[in-house]
Amino acid sequence: MFKVKVLVAALGVLLIGPAAPAVAEPTTPITYNAGTTATRFTGLAFDTCTAPTLAQMTAWKASPYKAIGIYFGGVNRSCAQPQLTPAWVASVTAMGWRLVPIYLGLQAPCSTRRYKMSTASSNRDAVRDADDAVAKAKALGLLPGSALYNDMENYNRADAVCRSAVLHYLSAWTKELHLQRYVSGVYANLSSGALDLAAAYNSSSYARPDALWIARWDNSSLLTGWAGVPNTFWAVGQRGKQYQGDHNETYGGVTLNIDSDRFDAPVASVAYRYTVRTTVHSYSGPSTAYPVRSTIAANTSLRIVCQTFGPKIGTTTVWDKLIDGTYVTDYYVRTPNKTGYSAPLPGCTFPFQTTINNLTRRHGPGTAYSTYPSTLPIGSLAWVTCQAPGSKVGTTAVWDRLSDGSWVTDYYVATASNTTYTAPIRRC
C-alpha cells in the first residue's frame, strides 16, 4: 500500500511522488536490543570446515586475514566442531578476529545434499532453521545485531518449483531473523542462489536479505562486477565473496586448508571484557547529562559491546556501551586507547535497509544542508549511529546520522517508526 509524500530531490527542489511502501517485503522490519550493536567488517577472511584451535588462530594473526567463517549449526553441517565453544569465541574475538557465522541448514529440493527443504512448506522449514540458528548463536555469545549467514549451496535453478521453494525459504529466514533481532545474510553460488535473489531483489513477494555473500572461485576478490547482480544491489556494507576454494596456506608455522573471502558486510557482534580503574557511574546515554543507572566499583569487569562519542571526560570523548544498554566514559576503563577508539571494539551502529532509490545524503540533518555526490540505492544498509531532529520530510522530522558522517531522512529508512525516534538508537 502506498501513501502520498513529499520527495526531497538532490537539489532541494520539492517534488510530489509516490511514497515508500509500508515496511514489508522486500524490506522487512528489524528491531535491536539496547545492549547490542551490529558489526561491519571490511577486509580479508577465511573459512574452514572445522574451527581451528586457539593456538592455530594465534599463529594466524600473522596472516592477511582478519575474520574467520565459523560453521555454527545446521542439519547439513558435516564437520565436527570441538573448538566452537563460548570460551573459544571470547578468546578469538579478544585477539581481534571478527567472526562470520555460517548456518548450513536445509538445502534446495533439487540439490545433492542429504537434508532438503519441502517444496510445500519451505517457509515453515526456514522459520525452524532460523530459530535454531538464533538459539545456537546466543549459546556461543553472538549477540542480537549479529549477521547470521544461511549457506545455500548450488542447485538447479532451471527447476522452477525448486527455485520457488528456495526463494520462499530465504525470505522466511530473513523475516524470522529480523523478528529475533538478528541481521540476515545469505551465502549463495553466483550461478544459482545469488542470481535468484538478485531477480527477486525488488519483488514484493520475498523479503530481501540484508547481505549477500557469493561463491565464485575465480581468484578475483572484487566486491563489484558480479555477473547478474547489479552493483546497486546490496551496495553499502552488504557484500562478501568467496573467491578461492579449498587450498592450503601457512602462517606462523601453521598450515590450514581454507577458502579465501573478501568482505564489506555485517558479521557477528560479541561483548568484550575490560575492567574499570576506579568507581564510575553508568548512564542511560553517553553523557553525564543522562540519568545515572548504576554505580560500578573499581576493578569490576565490564561487558562492552561497542564505543560511541559523547562529551569529553579527561582525555577522551569516547563512551563505552555496556551489555545492559547503559554507558560509561571510556576514560576510566582499561581499554588500550585513552584518546580514541580501541580495537577490536566496534563503533555503535544499527543497520536498516533503505526504502527508496537514490536516497540523498546530506552534510547535516535537514534539506537545507548540502548534498553528497553519491546517493543510496534502494535496499542499501543505512548504518545508523544516532538520530537528531531536522527538517520534516513526509511524516517525520527525524534524521539519521550514518557511520560515514552523512545524514539521511529517517522517512526512507526501515526503522521502527516514520514519525518519531527509534529505540535503542541514541540521540546525536
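As a basis for the values below, the full set of heavy atoms in this structure was taken, side chains included, without hydrogen atoms, waters or symmetry mates.
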Test: Arg128 and Asp131 ion pair at under 4.0 Å: no
Residues Ile214, Gln242; criterion side chain to side chain contact (heavy atoms under 4.5 Å, CB included); working and verdict: CA-CA 6 Å; Ile214 70 160; Gln242 189 181 84; over 6 Å; no
Working for side chain to side chain contact (heavy atoms under 4.5 Å, CB included), residues Met117 and Tyr169: CA-CA 8 Å; Met117 68 188 72; Tyr169 171 92; 3.6 Å; yes
Selection residues 179-234 - residue pairs positive for disulfide bond (SG atoms under 2.5 Å apart), sequence neighbours left out: none
Met95 side, atom CE; Thr58 side, atom OG1 - distance, nearest 0.5 Å: 3.0 Å
Expected output: side-chain Lys116 to main-chain Ser111 donor-acceptor under 3.5 Å: yes
Crowding at CZ, Arg124 (>12 non-hydrogen neighbours, <6.0 Å): no
Tyr243 side chain to Ala215 backbone, donor-acceptor under 3.5 Å: no
Salt bridge present between Lys241 and Asp261 (N-O < 4.0 angstrom): no
Asn76 side chain to Tyr115 backbone, donor-acceptor under 3.5 Å: yes
Test log, rule side-chain hydrogen bond (donor to acceptor under 3.5 Å, both in side chains), inputs Thr39 and Ser269: CA-CA 6 Å; Thr39 302; Ser269 293; 2.7 Å; yes
Audit row: Arg426, Thr308, side-chain hydrogen bond (donor to acceptor under 3.5 Å, both in side chains) steps and yes/no: CA-CA 10 Å; Arg426 57 159 295 194; Thr308 189; 3.0 Å; yes
Intermediate values then yes/no, side-chain hydrogen bond (donor to acceptor under 3.5 Å, both in side chains), Gln180 and His178: CA-CA 5 Å; Gln180 298 281 0; His178 284 182; over 6 Å; no
Working for side-chain hydrogen bond (donor to acceptor under 3.5 Å, both in side chains), residues Tyr155 and Glu153: CA-CA 7 Å; Tyr155 58 88; Glu153 293 291 324; over 6 Å; no
Intermediate values then yes/no, side chain to side chain contact (heavy atoms under 4.5 Å, CB included), Tyr327 and Ser287: CA-CA 8 Å; Tyr327 296 80; Ser287 167; over 6 Å; no
Working for side chain to side chain contact (heavy atoms under 4.5 Å, CB included), residues Val413 and Val408: CA-CA 8 Å; Val413 179; Val408 295; 3.9 Å; yes
Side-chain heavy atoms of Phe352 within contact of Tyr32, under 4.5 Å: yes
Donor-acceptor pair, side chain of Gln307 and main chain of Ala343, under 3.5 angstrom: no
Sub-6.0 Å ring centroid separation between Phe350 and Trp383: no
Check: Thr28 side chain, Glu25 main-chain N or O, donor-acceptor pair, under 3.5 Å: no
Approximate separation, where rounding is to 0.5 Å, of Thr396 OG1 and Asn418 CG: 7.0 Å
Distance-only donor-acceptor check, side chains Arg208 and Asn202, under 3.5 Å: yes
Flag if over 12 foreign heavy atoms under 6.0 Å of CZ, Arg216: no
Backbone N/O of Leu170 and side chain of Thr174: donor-acceptor pair under 3.5 Å: yes
Arg361-Ser374 side chain donor-acceptor pair, cut-off 3.5 Å: yes
Approximate separation, where rounding is to 0.5 Å, of Leu256 CG and Thr250 OG1: 8.0 Å
List the atom pairs, donor and acceptor, that lie under 3.5 Å between side-chain atoms in residues 228-235 and the rest of the protein, sequence neighbours left out.
from, atom 1, to, atom 2, distance (Å)
Asn231, OD1, Gly225, N, 2.9
Trp234, NE1, Pro209, O, 2.9

Salt bridge (charged side-chain N to carboxylate O under 4.0 Å, His left out) between Asp324 and Arg293, intermediate numbers included: CA-CA 10 Å; Asp324 64 0; Arg293 292 305 186 203; over 6 Å; no
Within-4.5 Å side-chain heavy-atom neighbours: Leu99 and Val267: no
Gly379 backbone acceptor or donor facing Thr354 side chain under 3.5 Å: yes
Heavy-atom side-chain proximity of Leu197 to Leu167 below 4.5 angstrom: yes
Arg77 charged N/C atom sitting above Tyr71 aromatic ring, 6.0 Å / 45°: no
Pairwise distance CG(Leu142) to NZ(Lys136) - rounded to 0.5 angstrom: 12.5 Å
Distance-only polar pair, side chains of Ser370 and His363, donor-acceptor under 3.5 Å: yes
Atom pair CZ/CG of Arg303 and Asp320 - distance to nearest 0.5 Å: 14.5 Å
For Thr316 against Gly340, the heavy-atom pair lying closest together: OG1-N, 4.1 Å
Ion pair Arg239/Asp264, N-O distance below 4.0 Å: no
Any residue meeting ring pair (Phe, Tyr, Trp, His ring centres under 6.0 Å) with Trp213, in chain and number order, not counting sequence neighbours: Tyr149, Tyr187, Phe263
Pair listing, disulfide bond (SG atoms under 2.5 Å apart) test, anchored in residues 368-428, at least two apart: Cys386-Cys428
Ser220 versus Asp218, side-chain donor and acceptor atoms under 3.5 Å: no
Residues that Phe72 engages under ring pair (Phe, Tyr, Trp, His ring centres under 6.0 Å), provided they are two or more places apart: Tyr103
Side-chain donor-acceptor pair present, Thr335, Lys338, cut-off under 3.5 Å: yes
Expected output: side-chain Thr37 to main-chain Val305 donor-acceptor under 3.5 Å: no
Side-chain donor or acceptor of Asp210 paired with backbone N/O of Gly185 under 3.5 Å: no
Whether Ser380 side chain and Leu376 backbone form a donor-acceptor pair below 3.5 Å: no
Any pair counted as disulfide bond (SG atoms under 2.5 Å apart), so long as it reaches residues 141-171, sequence neighbours left out: Cys110-Cys162
Side chain to side chain, Arg40 and Pro266, heavy atoms closer than 4.5 Å: no
Criterion ring-ring contact (aromatic ring centres under 6.0 Å, His included) on Phe46 and Tyr65, from CA distance to verdict: CA-CA 7 Å; Phe46 72 95; Tyr65 303 105; 5.6 Å; yes
Straight-line distance of Leu179 CG to Thr31 OG1, nearest 0.5 Å: 8.0 Å
Ring centroid separation Tyr341 to Phe309 under 6.0 Å: no
